[in-house]
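As structure tokens, the structure follows; a few thoughts come after it.
Position 1 is the first residue of the sequence; numbering continues from there. Values below: all heavy atoms of this structure, side chains included; hydrogens, waters and symmetry mates excluded.
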Amino acid sequence: MKRTDKGPYDELNRSRYSVTRNILYCLNSTVQCYFPLLCWCALAILINVLIPVLSAYLPKTVIEIVTAERSFRELAIAVLAFMGSIAILSGADKFLTKFIYHQKYKMNTFYLKRVALKGLTTDYINQENGIFKKLQTESFMCCNGNYSPLSNIYDVLIDLFTGILGLSVFWAILVQLNWGIIFFLIVTTITSYFLNQKIIKWTAANNQERISYQQRINYINSISGDIRSAKDIRLYQMAVWFSAIYESNMNGLAGWYRRLTGKLFGVAVYDSSLALLRESVAYLYLLYLIWNKQITVADFMLYFNVVAGFSTWLSNIFSQISSLNQINLKINYFRSYLEYPETFGRDNNLKSPADDCPKVIELKNVSYRYEGSENYALHSINLTIVPGEHIAIVGLNGAGKTTLVKLICGLIDPTEGQVLYDGIDIREYNRIEFYKLFSAVFQQFSIMPVTIEEIVSEAPPENIDHNKVKSCLTTAGLWNKIEQLPSGVKSQYGRTIYDDGIEFSGGEIQKLLLARALYKCAPVILLDEPAAALDPIAESTLYENYNKISAEKTTVFISHRLASTSFCDRIILIENGVICEEGTHNELLDLNGKYYTLFEMQAKYYREKTNEAEVLE
């Protein structure tokens with residue numbers, strides 16, 4: 001998959017920041033989080049330069065003392081001074097390498113926290129966006145681990161600035177020898193650099209292919225340990241199918257790396273040939289100088305080491321520049337993710353809706369189309385919900401019921417039209433404050449592995465109203481179950497973390513989610529198929545408690561079971577994204593329309609079952 005240029009963004013919406021800007025971004029982040037890390041890096045640079053400089057001057061000094069026939073004592077002192085300094089610096093270098101390795105962990109947590117926070121607070125619509133999800137995956141990889149790009153940048157910068165400082169020192173030495181040799185070393189090294197740039201360009205152009213393979217592999221890895229998928233995988237014998245998909249993508253990923261390795265090998269051959277030419281010419285020139293007695297043996301040893309060191313520094317600089325270019329690709333993904341556009345208003349200067357009691361909710365000519373879809377999920381919806389009204393939204397699967405609820409509570413904004421709360425377009429409200437108006441039970445839910453009372457209250461232990469937790473669990477029909485647990489409401493939920501964690505059935509989870517919605521005590525309650533996993537007795541209890549649950553609140557109730565909506569003030573029937581009928585249960589039956597047809601289809605099934613039971617008796 002080739003990358004195509006799309007202005008400032010590519011197919012993953014990647015911001016094209018320069019290497020310099022991304023380096024400054026990382027340095028500024030380090031200053032914010034843990035400034036001492038930069039100090040340790042600076043010390044490591046100084047030590048890394050001093051060791052080769054001392055190593056280059058050691059043989060020159062020894063030869064000069066020997067050829068000058070000085071005392072053994074002077075020789076021993078000089079050798080011990082150099083070797084002692086090198087030994088101390090080498091020890092310090094090893095210590096700093098390990099020390100910096102562990103200190104980078106603080107930066108990893110800093111970046112990971114930003115990635116997690118973005119995912120937790122971003123507009124809901126972003127989480128339904130494929131590009132955003134890919135960027136999210138890449139961002140976690142960019143800062144997860146001490147060898148990740150955002151961690152590795154410190155090692156690269158240490159090597160880069162070590163090379164620059166060391167090159168400056170050796171330049172000052174070689175300039176006394178010959179400008180030509182410096183020019184020759186620079187030209188051959190730059191040639192090697194441009195050869196390596198081909199690898200960078202190829203990686204950038206084909207990176208999307210690698211990401212696609214990796215995402216599919218990561219998905220299979222994640223569901224292989226997911227308890228929610230375990231039953232389906234076994235009952236439908238999906239393991240063989242997943243294994244084939246996994247192998248196919250692993251082969252694709254291996255092929256991608258084979259192509260990369262082939263290009264790396266070709267560049268390495270040319271690079272090694274240039275290095276051989278570079279070193280051979282430099283050493284032959286030095287031999288020529290010493291043969292013609294233009295330099296001493298001691299100078300020959302110094303320049304011999306300096307030429308080798310100069311080439312190493314120069315190659316190292318270009319190598320680190322190449323590494324920075326590679327890291328830059330990853331950091332651009334990371335920054336694009338953090339800077340991914342947010343459309344919902346969160347400014348404190350925006351309006352905050354009154355949350356003391358429900359207000360009028362109105363949808364005016366609302367249409368919604370999901371990104372990438374040609375068809376509208378909802379079309380030209382006009383609906384007014386008065387304060388305290390209990391409405392039911394019914395319809396077949398895919399009719400647009402859940403989409404309508406997401407529009408009402410502001411999780412998504414309409415493609416066309418307006419959603420008004422208290423006569424004001426919800427886009428004019430602070431969206432975070434607007435969310436406080438709603439308690440919800442959705443089909444897709446999230447339960448953290450914490451205590452039962454923390455799940456219900458969505459709050460830390462010190463902020464929990466224990467009496468309110470009990471009341472909500474009782475109303476939801478789960479208190480008797482909780483009371484029987486050894487630790488009661490303080491029992492830990494889930495076995496993903498706790499070996500003795502409590503697991504609930506589907507119906508019990510629905511009750512727990514309902515208790516959580518009741519605890520929030522918001523003016524508007526949204527119930528998306530709350531009885532779907534309940535047994536008939538629990539469902540009947542829920543309906544009996546419905547008036548208690550929804551007292552003085554606006555309630556929107558989604559259900560496939562039309563008989564369960566009879567207690568609502570109004571029923572909205574949606575078909576193919578439009579409201580086709582609305583009214584009370586009896587009014588819709590009298591209308592003898594689509595609602596009546598659907599109701600009779602469901603009622604007929606139960607009548608047949610009842611008749612069969614009577615015959616058997």
Side-chain angles (χ1 to χ4, degrees), residues 120 124 226-231 390 402 405-406 409 411 435-551 553 555-561 564:
L120 290 169
Y124 173 82
D226 186 358
I227 190 64
R228 292 174 297 181
S229 306
K231 295 188 289 293
H390 306 154
T402 300
V405 169
K406 289 193 287 187
C409 66
L411 287 176
Y435 289 147
K436 294 179 181 179
L437 300 173
F438 300 91
S439 293
V441 177
F442 289 110
Q443 293 182 54
Q444 295 179 330
F445 56 84
S446 172
I447 301 179
M448 291 184 63
V450 292
T451 63
I452 302 301
E453 62 178 1
E454 288 176 287
I455 292 171
V456 173
S457 63
E458 292 289 314
E462 62 271 15
N463 297 333
I464 295 175
D465 184 334
H466 301 285
N467 292 329
K468 190 175 179 181
V469 168
K470 179 179 178 180
S471 174
C472 293
L473 287 168
T474 301
T475 303
L478 194 60
W479 178 251
N480 289 338
K481 167 77 174 183
I482 301 299
E483 223 177 3
Q484 296 171 9
L485 299 176
S487 301
V489 293
K490 296 189 181 298
S491 301
Q492 301 286 354
Y493 173 78
R495 292 182 186 144
T496 54
I497 295 179
Y498 308 102
D499 293 336
D500 59 346
I502 303 301
E503 293 287 351
F504 288 143
S505 67
E508 288 168 339
I509 290 175
Q510 287 294 111
K511 295 176 183 179
L512 182 63
L513 294 172
L514 180 59
R516 183 173 71 177
L518 295 175
Y519 187 95
K520 187 177 179 182
C521 200
V524 183
I525 298 178
L526 307 174
L527 302 174
D528 190 354
E529 294 287 355
L534 299 182
D535 57 67
I537 295 175
E539 183 180 5
S540 177
T541 302
L542 171 64
Y543 299 150
E544 289 172 4
N545 291 333
Y546 186 79
N547 288 331
K548 182 178 179 181
I549 291 170
S550 57
K553 299 180 186 299
T555 308
V556 179
F557 184 92
I558 296 179
S559 179
H560 287 92
R561 301 177 187 176
S564 68

Q | Inter- and intrachain pairs under salt bridge (Lys or Arg N to Asp or Glu O under 4.0 Å), touching residues 515-525, at least two apart | A | E458-R516

Q) Partners of F442 by ring-ring contact (aromatic ring centres under 6.0 Å, His included), sequence neighbours excluded? A) none

(Q) Set out, in order, the CA-CA distance, both residues' side-chain angles and the distance that settles side chain to side chain contact (heavy atoms under 4.5 Å, CB included) for V405 and D528, then state yes or no. (A) CA-CA 8 Å; V405 169; D528 190 354; 5.8 Å; no

Q. Please walk me through it: do L512 and L473 pass side chain to side chain contact (heavy atoms under 4.5 Å, CB included)?
A. CA-CA 7 Å; L512 182 63; L473 287 168; 4.2 Å; yes

Q. Quick one: are I525 and F557 in side-chain contact, heavy atoms under 4.5 Å?
A. no

**Q.** I452 to G488 - nearest heavy-atom pair and separation
**A.** CG1-O, 4.3 Å

Q: Decide yes or no for I455 and L513: does some side-chain heavy atom of the first lie under 4.5 Å from some side-chain heavy atom of the second?
A: no

Q: Keeping to residues at least two apart or across chains, list the salt bridge (Lys or Arg N to Asp or Glu O under 4.0 Å) pairs with something in residues 463-488.
A: K481-E508

Q) Are any non-hydrogen side-chain atoms of W479 and V489 less than 4.5 angstrom apart? A) yes

Q | Note, I558 side chain near L526 side chain (heavy atom, < 4.5 Å) | A | no

Q: For residues 503-525, pull every pair meeting ring-ring contact (aromatic ring centres under 6.0 Å, His included), keeping only residues two or more places apart or in separate chains.
A: Y493-F504

Q: Search all heavy atoms of P523 against all heavy atoms of L437 and return the closest pair with its distance.
A: CD-O, 3.2 Å

Q) Looking at OG of S487 and CD1 of I502, how far apart are the two atoms once the value is rounded to the nearest 0.5 Å? A) 7.5 Å

Q.
Please enumerate all residues that pass salt bridge (charged side-chain N to carboxylate O under 4.0 Å, His left out) together with K553, with sequence neighbours excluded.
A. none

Q. Which pair of non-hydrogen atoms, one from S457 and one from I464, has the smallest distance, and what is that distance?
A. OG-CG1, 3.3 Å

Q: Taking the side chain as every heavy atom from C-beta outward, state whether L514 and L527 have any atom pair closer than 4.5 Å.
A: yes

Q) Of all residues at least two apart in sequence or in a different chain, which pass the side chain to side chain contact (heavy atoms under 4.5 Å, CB included) check with P461? A) E454

(Q) Please find the pair of heavy atoms, one from S439 and one from A517, that lie closest to each other, and give the distance. (A) OG-O, 2.9 Å

(Q) If I take atom CD from residue E453 and atom SG from residue C472, how far apart are they, to the nearest 0.5 angstrom? (A) 12.5 Å

Q) Just by distance, do the side chain of T555 and the backbone of H390 share a donor-acceptor pair under 3.5 Å? A) no

